[in-house]
Amino acid sequence: MELRKRLLAWYGRKKRDLPWRRTSDPYAIWVSEIMLQQTRVAAVVPYYERFLARFPDVCALATAPLDDVLAQWSGLGYYRRARHLHAAAAIVARDGFPGTAKELRALPGIGAYTAAAIASIAFGEAAAVVDGNVERVVCRLAAGDLTKREIGERAQAWISPRSPANFNQALMELGAIVCTPRSPSCPRCPLREFCATRSDRWPTPRKRAAPIDKRVEVVFATRGGRVQLLRRSGTALLDGMWELPSGKQTDGDVLATVKHGVLNQRLSYRVWPGRRTAAGARWFTVREVGELPLTTAARKCLKAVGFLP
DNA sequence: AATCCGGGGTA
DNA sequence: TACCCAGGATT
């Protein structure tokens, strides 16, 4: 198929130099794919490199405490990914690395996309991936809101049996740097002659709820160079992460505003200088805080008051 | 099929 | 501000 050739040729010329494209280690590719779930490439790169330096292979990850894994993940979001990755590492360390998409799919945290991505990139299996980029590119080629099933069928029909890894990555790369959500660069698209849209008309944007404003008061208490932190427990959101204890607002300055994308909330944090130890709180030095799974809000607050660099 | 799960980039 | 990002699990 001509479309395939054009796409692969373009990818060969224009692909970005990304760290996970420099390895053939299935474990490293797996880690990258988990981190890339709903997370931009630019945000993942530093996390990926730190994570692999800390947990260089499946065994290192499987035997590490979950808190260490969460600490490495702190700030990346979707912490269930880290929990699933850690749990799956134990399974892989025991049973070996699954060699097919079907087997990969059985691991926690690996769905249809990630199974196909790892199988194709690490093992050369001709399994088409469908992510946000592929959805957009295929919908535009067809000029319509195709179902996920239809998109998958088309991608599977186009995929190169010789180099499925390059084909999958090429389709995603095209969506990421040419066929972008808004203002796509149609004139320099290798697939323009196959495209029925040549604009950003498809797919139809999905509407969302209006953001909710919320105010949060936190206690910033220091004692002998230590700061008081509380571990969230029994919460669906950010369970196990460390944050500043909550306090009654009297007066003070706004430390940070954090937008929670999924919760669709804008949270304004205010400081309440405190001295006493809150129930269940613990005191940490700067060095210790660096090794904790902190919420992003807590990280921003601690930076704003100069406790963290 | 809907909803939940983080955080950040971008126009 | 609104939308989206190399999605998965749960209901």
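Note on naming: letters A, B, ... go to the chains in the order of the sequence lines (proteins, then strands), and numbering restarts at 1 for each one. Predicted model only: the values in this text are computed from it and were never measured.
- Taking atom C1' on both B/dC5 and C/dC5, the two are 14 Å apart, rounded to the nearest angstrom.
- Shown here is A/Arg162, whose CZ atom has no more than 12 heavy atoms of other residues, nucleotides or ligands within 6.0 Å.
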**Q.** Derivation and outcome, side-chain contact (heavy atoms from CB on, under 4.5 Å), residues A/Trp242 and A/Val289
**A.** CA-CA 9 Å; A/Trp242 292 85; A/Val289 168; over 6 Å; no
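- For A/Gln37, whose side chain is taken as the heavy atoms from C-beta onward, the closest listed nucleotide among B/dG7, C/dC3, C/dG7 is C/dG7.
- If you check every strand for non-hydrogen atoms under 4.0 Å, A/Thr114 touches sugar and phosphate atoms only.
- Relative to the ring axis of A/Trp283, A/Arg223 places its NZ or CZ within 45° and under 6.0 Å from the centre.
- The minimum heavy-atom distance between A/Phe51 and A/Gln72, with the atom names listed, is CD1-CB, 3.9 Å.
- For C/dC4, its base sits under 3.5 Å from the side chain of A/Arg40 at one donor and acceptor pair at least.
- Side chain A/Thr39 to base B/dG6: a donor-acceptor pair is found below 3.5 Å.
- In the interface, the side chain of A/Tyr113 is not paired with the base of C/dG7 through any donor and acceptor atom under 3.5 Å apart.
- In terms of polar N and O atoms assigned as donor or acceptor, the side chain of A/Arg206 never comes within less than 3.5 Å of the base of B/dA1 in a complementary pairing.
- Counting any heavy atom pair closer than 4.0 Å across all strands shown, A/Arg105 reaches sugar-phosphate atoms only and no base atom.
- Using a 4.0 Å cut-off, some side-chain N or O of A/Lys300 falls inside it from OP1 or OP2 of B/dG8.
- Listed nucleotides C/dA6, C/dC4, B/dC5 differ in distance to A/Pro205; the shortest reach to its side chain belongs to C/dC4.
- Between A/Thr204 and A/Arg81, it is A/Thr204 whose nearest contact on DNA chain C lies nearer the 5' terminus.
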